[in-house]
4 protein chains.
Amino acid sequence: MQLGLVGLGKMGFNMRERLRAAGHDVVGYDRNPDVSDSESLADLVGKLEAPRVVWVMVPSGEPTRATVADLGDVLSEGDLVIDGGNSRYTDDRGNADLLATKGVGYLDCGVSGGVWGRENGYGLMVGGDAELVERAMPIFDALRPEGPRDEGFAHAGKVGAGHYAKMVHNGIEYGLMQAYAEGYELLDAAGEVTDVPAVLKAWTRGTVVRSWLLDLLVKALDEDPGLAELSGYVEDSGEGRWTVEEAINHSVPAPVISAALFARFASRQADSPAMKAVSALRNQFGGHAVHKAGPTSGSGETK
Amino acid sequence: MQLGLVGLGKMGFNMRERLRAAGHDVVGYDRNPDVSDSESLADLVGKLEAPRVVWVMVPSGEPTRATVADLGDVLSEGDLVIDGGNSRYTDDRGNADLLATKGVGYLDCGVSGGVWGRENGYGLMVGGDAELVERAMPIFDALRPEGPRDEGFAHAGKVGAGHYAKMVHNGIEYGLMQAYAEGYELLDAAGEVTDVPAVLKAWTRGTVVRSWLLDLLVKALDEDPGLAELSGYVEDSGEGRWTVEEAINHSVPAPVISAALFARFASRQADSPAMKAVSALRNQFGGHAVHKAGPTSGSGETK
Amino acid sequence: MQLGLVGLGKMGFNMRERLRAAGHDVVGYDRNPDVSDSESLADLVGKLEAPRVVWVMVPSGEPTRATVADLGDVLSEGDLVIDGGNSRYTDDRGNADLLATKGVGYLDCGVSGGVWGRENGYGLMVGGDAELVERAMPIFDALRPEGPRDEGFAHAGKVGAGHYAKMVHNGIEYGLMQAYAEGYELLDAAGEVTDVPAVLKAWTRGTVVRSWLLDLLVKALDEDPGLAELSGYVEDSGEGRWTVEEAINHSVPAPVISAALFARFASRQADSPAMKAVSALRNQFGGHAVHKAGPTSGSGETK
Amino acid sequence: MQLGLVGLGKMGFNMRERLRAAGHDVVGYDRNPDVSDSESLADLVGKLEAPRVVWVMVPSGEPTRATVADLGDVLSEGDLVIDGGNSRYTDDRGNADLLATKGVGYLDCGVSGGVWGRENGYGLMVGGDAELVERAMPIFDALRPEGPRDEGFAHAGKVGAGHYAKMVHNGIEYGLMQAYAEGYELLDAAGEVTDVPAVLKAWTRGTVVRSWLLDLLVKALDEDPGLAELSGYVEDSGEGRWTVEEAINHSVPAPVISAALFARFASRQADSPAMKAVSALRNQFGGHAVHKAGPTSGSGETK
């Protein structure tokens with residue numbers, strides 16, 4: 001079927017490839033003319049036959065909200081917008097309500113799989129009316145991995161449910177990554193295991209901890225043993241924060257997901273104000289030797 | 001090849017099946033005569049041709065140490081003992097030294113895969129001399145999953161390294177399980193996603209969080225939606241504790257693995273002394289309404 | 001000076017006593033006629049001479065917002081409202097703006113000290129214009145503990161800063177309480193120390209961990225050795241949640257405060273869905289003996 | 001009474017001062033002749049009248065064990081050794097047994113108070129026989145703060161109980177310090193409170209969080225606003241590690257104390273191997289921009 005696709009970055013570009021390979025007619029729009037199939041949102045819409053389906057794949061927050069609003073201005077009654085980005089689920093109700101005033105439908109779709117989705121397919125979680133989900137099903141079927149539909153696709157609930165599911169998915173992802181990372185560091189630090197990458201590789205089949213993330217860690221260590229090319233400064237893109245906030249809203253203990261989030265925060269601090277305060281306290285009560293700030297600060301050198 | 005196998009519980013029994021299916025000649029010994037192929041350790045040894053290989057698959061700690069010592073009494077120079085249980089790695093040096101006085105070799109082997117290993121194969125991590133590892137390789141090859149050897153087997157290092165790797169594997173496992181569990185609870189509590197099991201199932205292909213543990217969680221929810229048949233009382237079998245202790249020994253931050261461990265401890269407390277102390281403090285300073293112990297204690301009922 | 005005081009619950013009642021003992025003329029209003037000095041907000045306002053100062057000490061959230069709005073209707077230009085409750089700091093801007101339309105000033109004041117404040121004085125953190133703070137200083141001076149003003153009172157910043165400071169104060173409080181509680185539980189569980197209350201009491205002078213909370217824990221154990229009268233079900237009143245949310249907003253690692261918050265959440269769960277999921281996983285991969293739900297659920301009994 | 005005191009470092013030196021000020025006859029020994037009153041342990045013992053009491057105040061571990069053993073060689077039946085250092089409680093049994101073979105008694109005493117103890121007195125927790133505790137009581141009474149004996153001194157139990165209590169005391173201390181530190185960092189980062197040191201100072205009287213550690217933090221901020229002179233590299237001296245290990249041994253959840261410990265570990269890492277692994281994973285699945293190691297590593301600069 002025909003699909004408009006707004007946003008041809010890393011994710012959108014790959015999705016266009018996968019959809020075209022499945023025989024769909026994709027018209028893309030991106031501000032970057034080198035990858036765009038159309039010159040503007042209006043041009044994109046003009047190239048699609050009604051009733052249209054337009055997939056939005058741009059950064060979450062203001063960019064997505066603005067794109068949805070702009071689409072509301074150029075689409076017609078009966079058209080459908082799908083937000084496939086990492087929007088916070090609280091944005092979806094507003095987007096849906098805005099489009100509803102124009103008679104345009106709205107679905108939110110959490111998309112997981114990263115740059116590998118083009119080849120492997122993407123895991124999809126969709127929120128919105130069943131009728132609209134059904135209309136877009138050929139697109140979902142082309143994007144999701146081969147195999148039974150319910151092993152790579154779910155209609156998660158009403159508007160917002162798709163992004164809610166994706167948010168929790170990413171929160172879990174933080175915890176999983178941190179668990180492997182702690183184990184990796186311990187193996188590395190202890191020195192009992194002489195070939196750490198070999199042990200991680202041996203875990204990829206048969207063991208309880210086998211997973212796609214483990215496969216990726218093995219691949220990373222194969223490409224860069226010791227991970228010498230990387231720093232330990234780790235960004236976060238919001239879903240982990242939202243997951244912890246939702247856990248708090250619902251009184252759900254989330255010690256692991258929050259610990260993984262806080263480890264990222266700490267990884268980005270050259271010098272922690274909290275730990276300076278701890279240092280100051282030790283200095284005050286104990287006359288403990290403390291590290292003075294200076295050229296060697298944070299270098300691990302003791303005085 | 002020929003193998004003596006001591007311990008035919010859930011793990012040992014299945015391993016015997018897998019080894020026999022691969023054409024190996026396994027003589028088992030277990031205190032339970034219904035499953036045993038021999039009447040005693042001495043009888044087992046008598047049924048094997050020298051140089052013998054005997055695999056020990058009994059509970060860790062005293063049972064394993066005693067079995068290894070007993071084998072030392074009945075085996076001969078040139079024989080080989082493999083401890084495939086979940087022994088603490090600090091036991092291995094002692095076991096190896098004891099057997100070395102008799103000229104008997106020793107390997108420690110971490111085995112992962114649970115009850116599914118009979119069908120899928122087991123992930124194996126081995127510690128000890130390369131020469132002994134090579135001698136037992138036909139057994140390792142039969143136990144490990146099909147596929148390249150290095151994706152289900154590793155020679156991790158010297159004596160103890162196999163169990164060290166398995167200990168860390170299990171520590172990671174605690175973290176992974178807790179991450180999925182927190183996400184599951186949040187989805188369940190929030191109510192935004194109307195079909196939580198369907199969403200988890202949709203994560204099993206294509207997504208970043210896909211894994212074997214996720215497959216098992218989907219299976220569990222398929223068999224018992226709402227997990228109504230289970231209580232939240234969770235045991236631990238030691239490796240998680242040891243992992244955190246090792247992290248402490250090596251100054252490795254392990255917030256996620258320790259949080260997962262402590263969540264298990266807390267799950268086993270009908271009423272937490274620590275939380276009683278917090279209650280007592282709130283009562284003291286705030287005159288806060290606190291829950292009195294009594295018939296409704298822990299029931300979640302507020303006064 | 002003269003003060004209107006709305007809300008004569010545990011905190012407000014005690015504050016009226018302390019203010020009167022200091023010679024101030026306090027007119028209280030409470031829905032409970034047994035403690036109220038006036039029949040309505042209008043009646044309260046009528047009993048005060050302009051320019052009036054009215055202190056609001058009612059539950060945070062809707063009750064406080066509604067009371068402030070109602071005061072806006074009956075107060076006059078030049079009057080001043082002080083919110084001394086545990087409002088979220090984000091409420092203060094709205095309250096201040098609403099009152100500003102009537103020419104009524106607004107201060108937010110975090111108040112700490114619990115039921116002991118009547119005797120010991122209250123620690124105060126105030127947000128708002130310096131001029132308004134100055135006008136209410138006789139009240140602040142009467143409420144705060146004896147000693148230098150800056151050891152029990154701070155003008156924390158603009159509107160909202162007082163409640164922000166109080167929010168963080170309470171977040172810290174969660175962490176402190178949990179730290180003592182964990183130590184108490186360990187002493188109790190280990191059995192090495194034969195008289196745990198005596199050790200806690202010995203910590204109250206000279207040691208690094210001496211504090212008012214420790215004094216209270218000693219008092220609680222004196223009144224109820226073993227804390228047998230209390231359950232470990234612990235409520236939370238919001239500030240801990242907000243503190244963690246603010247930490248997330250500002251990318252500040254808060255592992256201790258969040259752990260203390262999550263321990264409270266967990267204390268209120270008769271059976272944890274997350275731990276059921278962990279149980280289900282162990283059951284799936286290991287055939288581990290798991291606890292079935294039933295009459296003994298949560299009782300710590302193993303099968 | 002007469003006391004031998006071995007170890008005249010920061011703690012021992014101050015204790016000698018306090019004891020002498022109370023009228024006791026202290027003969028000190030230290031390897032540093034500038035502060036020592038005697039030339040050797042033998043010389044020290046020669047200067048004391050039997051039955052002697054010798055207090056050991058040297059670094060824990062090998063130094064303390066060696067000093068106790070050396071004292072065993074030069075003391076006589078009926079003498080008494082008190083280990084006042086931060087020994088692990090598991091060392092005490094061995095020390096006591098060794099001295100018992102010579103008829104020399106042994107007490108272990110946890111001492112808290114830091115450099116302020118000289119002025120304020122020290123909190124004391126003692127393990128060992130009541131009879132020996134009674135014999136040394138004049139010393140304990142001089143060292144502990146003024147006030148009721150049980151508010152600065154406890155006979156905690158049999159040999160080892162004093163150090164056990166001190167270990168837990170220090171574990172709690174880690175949690176308390178981290179709680180204040182997290183709150184401080186949040187206040188600092190949020191910017192809502194314009195004078196953070198003033199707010200902390202306002203907490204020192206009347207509030208629920210008032211404590212000696214808070215007083216010290218206020219003092220530190222007074223001396224160095226912004227804590228600019230310090231780095232956030234924080235050592236640990238063992239008791240926090242032992243506390244978490246004991247918590248694990250007794251299945252006591254210790255999320256706060258362990259989080260505080262791990263924060264110290266992390267503070268000492270210029271670049272975290274675990275966070276490099278997380279970076280590597282994000283890079284693999286998402287093509288996320290990651291920080292490359294290099295001159296800017298850890299500087300917080302993004303590419």
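Excluded from the calculations below are hydrogen atoms, water molecules and symmetry mates; all remaining heavy atoms, backbone and side chain alike, are included. Lettering follows sequence order; numbering is per chain, from 1.
- Contacts of A:Leu281 with chain C are absent, with no heavy-atom separation under 4.5 Å from either backbone or side chain.
- For a residue to count as touching a neighbouring chain, one of its non-hydrogen atoms must lie under 4.5 Å from one of that chain's; by this rule A:Ala254 touches chain C with backbone and side chain alike.
- When all heavy atoms of A:Pro253 and C:Phe262 are compared, the pair lying nearest together is CA-CD2, 3.7 Å.
- Scanning for side chain to side chain contact (heavy atoms under 4.5 Å, CB included) contacts around A:Ala181 gives D:Ala274, D:Ala277, D:Val278, with sequence neighbours left out.
- Contacts of A:Ala259 with chain C are absent, with no heavy-atom separation under 4.5 Å from either backbone or side chain.
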Distance-only donor-acceptor pairs under 3.5 Å across chain C and chain A:
unit_1: C:Arg241; atom_1: NH1; unit_2: A:Ile248; atom_2: O; d: 2.8
unit_1: C:Arg241; atom_1: NH1; unit_2: A:Ser251; atom_2: OG; d: 3.4
unit_1: C:Arg241; atom_1: NH2; unit_2: A:Ser251; atom_2: OG; d: 2.9
unit_1: C:Ile248; atom_1: O; unit_2: A:Arg241; atom_2: NH1; d: 2.8
unit_1: C:Ser251; atom_1: OG; unit_2: A:Arg241; atom_2: NH1; d: 3.4
unit_1: C:Ser251; atom_1: OG; unit_2: A:Arg241; atom_2: NH2; d: 2.9

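- Among C:Val208, C:Ile248, C:Leu261, the residue making the largest number of heavy-atom pairs under 4.5 Å with chain A is C:Ile248.
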